[in-house]
Amino acid sequence: MIKKIGVMTTGGDAPGMNAVIRSVVRTAIYKHLRVCGIKRGFRGLIDNDIEELDLHSVSGIINRGGTMLKTIRCPEFKDKKNQREAVEHLRMHSIDAVVIIGGNGSLAAGASLYYDWGIPVINIPASIDNDLCYTDYTVGFDTAVNTALEAIDKIRDTASSHDRVFVVEVMGRDSGSIALEVGLASGAEAVILPEVKFNPEKLCDLLLRGYHRGKKSSIVVVAEGAAQGHEIAKIISAKTELEVRVSVLGYMQRGGAPTAFSRALAGRFGKEAVEELIRGKGGRMVGMIGNRVISTDIKKVLKASKSKKINMNDYKLIGILAI
Ligand code: F6P
């Protein structure tokens, strides 16, 4: 029987992490559990930066980007000595189980805590990258896409006023999810993704064909993991007469008020994570597949996510709609 749980955010922040924390804390208290917030992810666990949270601690955060618990990437947690200290701190605070909110780095750490140290852990997928399997969406992805969309809509105004091609670089070190989704939603002429081999000739032909048909401005969305926006612009300039400009959207995609979708998903995931722990489960990640909240073994998620595919139908659709 668990009496007290810990909650932490890890890796890159994502809009909606605060809404997850709120859901975890409120559900836990509703179920008569106590909750501790672990600050700065695994660094806080190693450093014993842990404090009890109450209903009021999570007031007024559902609409705020970032994370009230702060976050950090913590490669030191791979070290068994640090893990031992972390586990001692959990015991010191009588924390029986942990909810870890974050992306794929947090899954590996969650697996260590569960499989090597026997701590019941439930992971909640939160990352702007949407790069995990066994969930259709991670918390924060929808917000990041909408932030990028708003920016691209504005860029389109100036692109069409000046008859220019704009290369817009979006985030996604290993994943083209944001580029693909925002490319489709913004009506981009082309997207360049880490998962699909880039063909410079094909891109330039497409832009020139459009130009000669009367399409004087175009948008090319590139995921940072595929290439730098400036590199792509150089290629287009070298192979065509088109006037090209670049916009790197960068970290604005990680911040801002979460969308309704990100907040609602956060609420569902937080509740499910706490309920899984109460059911005696551990070593699992909650997720949503086709509108149903499910949970999956962390190791299975990690293995499958290493080679997560992008939706090639959407990729082809962008090409069809840019005709
Ligand atoms: O959290 C995901 C992400 O924003 C990626 O899209 C990006 O490549 C990476 O994090 C950047 O991480 P950091 O801020 O640690 O350099």
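Nothing fancy with the numbering, it's 1 onward along the sequence. In listed order, ligands and their atoms are each counted from 1.
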**Report entry** Per-atom contacts of ligand 1 with Glu224, taking only distances under 4.0 Å to non-hydrogen atoms
**Finding:** 5 (C), 6 (O), 7 (C), 8 (O)

Query raised in the report: Touching ligand 1 at all, Gly103? Heavy atoms, strictly under 4.0 Å?
Result: no

Requested in this report: Keeping the roles fixed (side chain from Ser23, backbone from Lys271), state whether a donor-acceptor pair exists under 3.5 Å.
Outcome: yes

Requested in this report: State the atoms of ligand 1, each with its element, that fall below the 4.0 Å cut-off from a heavy-atom position in Arg73.
Outcome: 1 (O), 9 (C), 10 (O), 11 (C), 12 (O), 13 (P), 15 (O)

Requested in this report: Would you sort out whether Asn146 and Thr143 count as a side chain to side chain donor-acceptor pair (under 3.5 Å), showing the intermediate values?
Outcome: CA-CA 5 Å; Asn146 276 286; Thr143 307; over 6 Å; no

Query raised in the report: Sub-3.5 Å donor-acceptor pair from the side chain of Glu169 to the main-chain atoms of Gly229, do we have one?
Result: yes

Query raised in the report: When you measure from the side chain of Arg284 to the backbone N and O of Ile298, does any donor-acceptor pair fall under 3.5 Å?
Result: no

Report summary line: Per-atom filter on ligand 1: closer than 4.0 angstrom to a heavy atom of Met171 are 4 (O), 6 (O)

Query raised in the report: Is Gly172 close to ligand 1, meaning an N/O of one under 3.5 Å from an N/O of the other?
Result: yes

Report task. I would like to know whether Ser217 and Ser160 meet side chain to side chain donor-acceptor pair (under 3.5 Å); could you show each step before the answer? Result -> CA-CA 5 Å; Ser217 67; Ser160 71; 4.9 Å; no

Query raised in the report: Do side-chain atoms of Arg64 reach the backbone of Pro15 as a donor and acceptor pair under 3.5 angstrom?
Result: no

Report task. Would you please test Phe141 and Phe261 for ring pair (Phe, Tyr, Trp, His ring centres under 6.0 Å) and show each step? Result -> CA-CA 9 Å; Phe141 171 68; Phe261 186 86; 8.9 Å; no

Query raised in the report: For ligand 1, which atoms sit closer than 4.0 Å to a heavy atom of Ile128?
Result: 4 (O)

**Report entry** For Arg254, the ligand 1 atoms whose distance to one of its heavy atoms is below 4.0 Å
**Finding:** 1 (O), 3 (C), 4 (O), 9 (C), 10 (O), 11 (C), 12 (O), 14 (O)

**Report entry** Numbering as shown, the atoms of ligand 1 that approach Asp129 to under 4.0 Å (heavy-atom distance)
**Finding:** 2 (C), 3 (C), 5 (C), 6 (O)

Query - Atoms in ligand 1 flagged as close to Tyr251, the criterion being non-hydrogen separation under 4.0 Å - result: 11 (C), 13 (P), 14 (O), 16 (O)

Query raised in the report: Going by distance only, is there an N or O of Ser127 that falls short of 3.5 Å from an N or O of ligand 1?
Result: no

